[in-house]
There are 2 protein chains.
Amino acid sequence: MNAIGFYKGLPIEDSNSLINLKIDRPKANDFDLLIEVKSVSVNPVDTKIRQGHPETSVPTVLGFDAYGTVVELGQKVTNFKVGDHVFYAGTNNRSGSDQALQLVDARIVAHAPQNISVEEAAAMPLTSLTAWESLFERMPLIPKKDANLGKQILIINGAGGVGSVAIQLAKWAGLKVLTTASRPETIEWVKKMGADVVLDYHKSLADQLKAVGIQSVGFALIFHSTDNYLPILAKLVAPEGFITSIVENERPLPMGLLKSKSITFAWEFMFTKSIYQTADMATQGTILEKIATLLDEKEIRSTLTVTLPGINAATLRHAHELVETNKMIGKVVLTGDFDAK
Amino acid sequence: MNAIGFYKGLPIEDSNSLINLKIDRPKANDFDLLIEVKSVSVNPVDTKIRQGHPETSVPTVLGFDAYGTVVELGQKVTNFKVGDHVFYAGTNNRSGSDQALQLVDARIVAHAPQNISVEEAAAMPLTSLTAWESLFERMPLIPKKDANLGKQILIINGAGGVGSVAIQLAKWAGLKVLTTASRPETIEWVKKMGADVVLDYHKSLADQLKAVGIQSVGFALIFHSTDNYLPILAKLVAPEGFITSIVENERPLPMGLLKSKSITFAWEFMFTKSIYQTADMATQGTILEKIATLLDEKEIRSTLTVTLPGINAATLRHAHELVETNKMIGKVVLTGDFDAK
């Protein structure tokens with residue numbers, strides 16, 4: 001069957017950085033669903049893994065966002081049947097969604113939304129899971145419409161993939177959302193996602209908050225440059241407040257800055273549950289079912305902005321290239337047949 | 001009136017490190033209680049503040065644990081009356097309990113326990129507040145008898161002041177408690193406090209946990225050497241687990257070690273609520289009322305181990321000396337009249 005992958009991390013301009021492959025069709029066991037992939041998205045985690053990858057004898061197949069159709073069930077699967085349309089992010093210790101047929105643990109899969117397009121659905125899983133877990137599992141916010149009225153959250157990098165969903169989920173849950181953006185097109189985008197206040201990250205965040213009458217926020221999400229923003233947030237986050245980050249620090253963090261305020265710092269890593277097979281692993285399926293409902297009910301909208309027809313090495317290289325610019329607004333999706341030539 | 005304090009941080013062997021003072025009687029305003037102090041305890045925070053203190057023209061009066069009697073009320077006080085017996089930790093931006101009469105915000109004070117001695121009560125506030133907030137506010141544990149059955153907590157330095165209360169509160173709340181200790185007398189003490197498993201911190205904690213069939217714990221409290229224990233706990237704490245520390249790091253922390261497991265790290269600083277006058281400041285009064293009930297009902301016991309008669313510079317220097325050995329088990333309390341000579 002067709003797949004796209006690589007034997008070695010190469011610059012995306014290199015035509016061998018992602019190549020069309022023929023690999024064996026996998027077989028579903030235990031909790032596995034075998035899924036025929038119809039549409040995939042690309043996230044920064046794809047480009048990061050690809051770039052630094054050592055040479056290997058078997059190819060690596062990435063891809064952590066897909067919409068597809070169930071074609072085979074493992075023996076332990078109870079909540080899906082053949083023919084179901086599903087969407088999922090998968091995990092990073094198995095082959096990803098950049099292949100015609102993919103094995104995914106049914107506990108981290110959900111039935112796809114029905115009122116939006118295949119491509120709009122494919123854009124959502126990884127970012128939705130990350131945003132949801134950041135807000136409602138790493139921090140004590142309530143995952144219910146308008147349940148957190150009166151609370152304020154500052155989202156660093158609201159225009160990125162995760163930020164765009166986090167803004168919407170935070171608004172749905174009743175929070176006032178402040179976020180950073182500086183280009184006219186990103187400012188417009190985060191407002192479209194629902195941000196109440198947009199801060200220019202080239203200027204003092206504290207001064208801009210003060211100008212709108214805000215001294216501190218109870219909650220902050222870091223979706224860019226943890227090293228840069230931790231000291232800034234130490235001043236802006238309220239006593240007993242919460243900071244969650246998804247971006248690994250590059251230098252040891254000056255955590256002592258958070259101590260006098262008893263601030264809590266949490267990491268969110270979307271693959272934790274599936275890598276460690278945690279007892280609450282199936283919550284990822286539950287979260288995605290909820291996301292599907294919110295999308296269908298138009299409580300939130302897909303962050304899809306770029307659709308590339310055909311799933312093959314050329315379109316995937318293009319998508320990686322877009323993500324590597326670090327200027328993507330919303331998500332890029334590849335869709336259609338695995339048309340490897 | 002009598003008080004004990006200093007004009008400059010000096011080694012405790014120096015007779016000027018803590019001296020008897022005569023200062024003006026303060027007056028209660030707003031939320032203040034004026035309290036006649038009957039018994040005080042000493043915590044590591046006292047010795048740390050004293051040691052590094054620059055020279056000042058007005059004396060500094062420390063002390064963050066006391067039992068006393070209300071003698072005057074501010075205009076806004078509603079929940080206390082003159083003559084009430086109270087216990088409290090106070091805050092570190094006002095003069096402390098090392099004085100005959102002390103002003104304390106009524107919102108961080110509670111009625112004293114009735115079935116234990118004055119000295120046993122005076123030993124408890126600061127450590128109880130710290131342990132309670134660490135367990136039940138910084139981490140999602142439920143402050144109710146046996147409400148957390150099946151959960152496990154590792155407490156670094158269970159024999160210290162805070163550790164001794166944390167062990168008891170964790171046991172009351174239903175957790176299995178593992179703690180570190182290495183001297184025969186500290187091992188005996190933490191068992192008396194209720195620890196289920198005692199680990200020698202001179203040896204590998206991972207190996208010792210494995211020997212009792214434990215791979216990981218969901219919760220960890222650091223009450224000693226955050227720099228040393230963070231990397232160790234990164235391995236022992238379960239995915240999506242929680243670490244809370246009360247000991248400021250001396251070097252930047254390698255927080256990246258916690259990322260793949262999505263671990264949360266919280267600081268607990270008992271003075272945060274009163275320094276920042278947080279909206280939930282009065283929870284400290286509520287927590288102390290609950291502690292008083294738990295002490296009266298013998299659900300937990302006082303950690304008092306050393307009682308020194310008379311509250312004066314000589315007994316207070318002796319108490320500071322004991323705390324500075326870093327080998328104290330439980331708490332030291334000064335009791336009786338402010339008998340400055």
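Here is how names work: the chains are called A, B, and so on, in the same order as the sequence lines, proteins then strands, and each is numbered from 1.
- Interface summary for chain B: among A:Pro254, A:Ala266, A:Ser260, the most heavy-atom pairs under 4.5 angstrom belong to A:Ser260.
- When each of A:Leu253, A:Asn249, A:Thr244 is checked for heavy-atom pairs under 4.5 Å with chain B, A:Leu253 comes out on top.
- Within residues 160-170 of chain A, no residue has any heavy atom less than 4.5 Å from a heavy atom of chain B.
- With values rounded to the nearest 0.5 angstrom, B:Met255 atom CE is found 9.5 Å from A:Ser245 atom OG.
- Inspection of non-hydrogen atoms places B:Trp267, B:Glu268, B:Phe269, B:Thr272, B:Lys273, B:Tyr276, B:Thr278, B:Asp280 of residues 267-283 of chain B under 4.5 Å from chain A.
- Taking chain A as the reference chain and counting heavy-atom pairs below 4.5 Å, the highest number among B:Lys259, B:Lys261, B:Glu250 is found for B:Lys259.
- Heavy-atom neighbours of chain A within the stretch residues 218-243 of chain B, taken at a separation under 4.5 angstrom, comprise B:Pro239, B:Glu240.
- In this structure, chain B has a heavy atom under 4.5 Å from the backbone of A:Ile263, while its side chain stays farther away.
- Scanning residues 134-144 of chain A against chain B with a 4.5 Å heavy-atom cutoff picks out A:Glu137, A:Arg138, ordered by number.
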After noting the C-alpha distance and the side-chain angles of A:Thr264 and B:Thr264, does the key distance pass the side chain to side chain contact (heavy atoms under 4.5 Å, CB included) rule? CA-CA 7 Å; A:Thr264 294; B:Thr264 295; 3.3 Å; yes
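- Taking a 6.0 Å sphere around CD of B:Glu248, one finds it holds more than 12 heavy atoms contributed by other residues, nucleotides or ligands.
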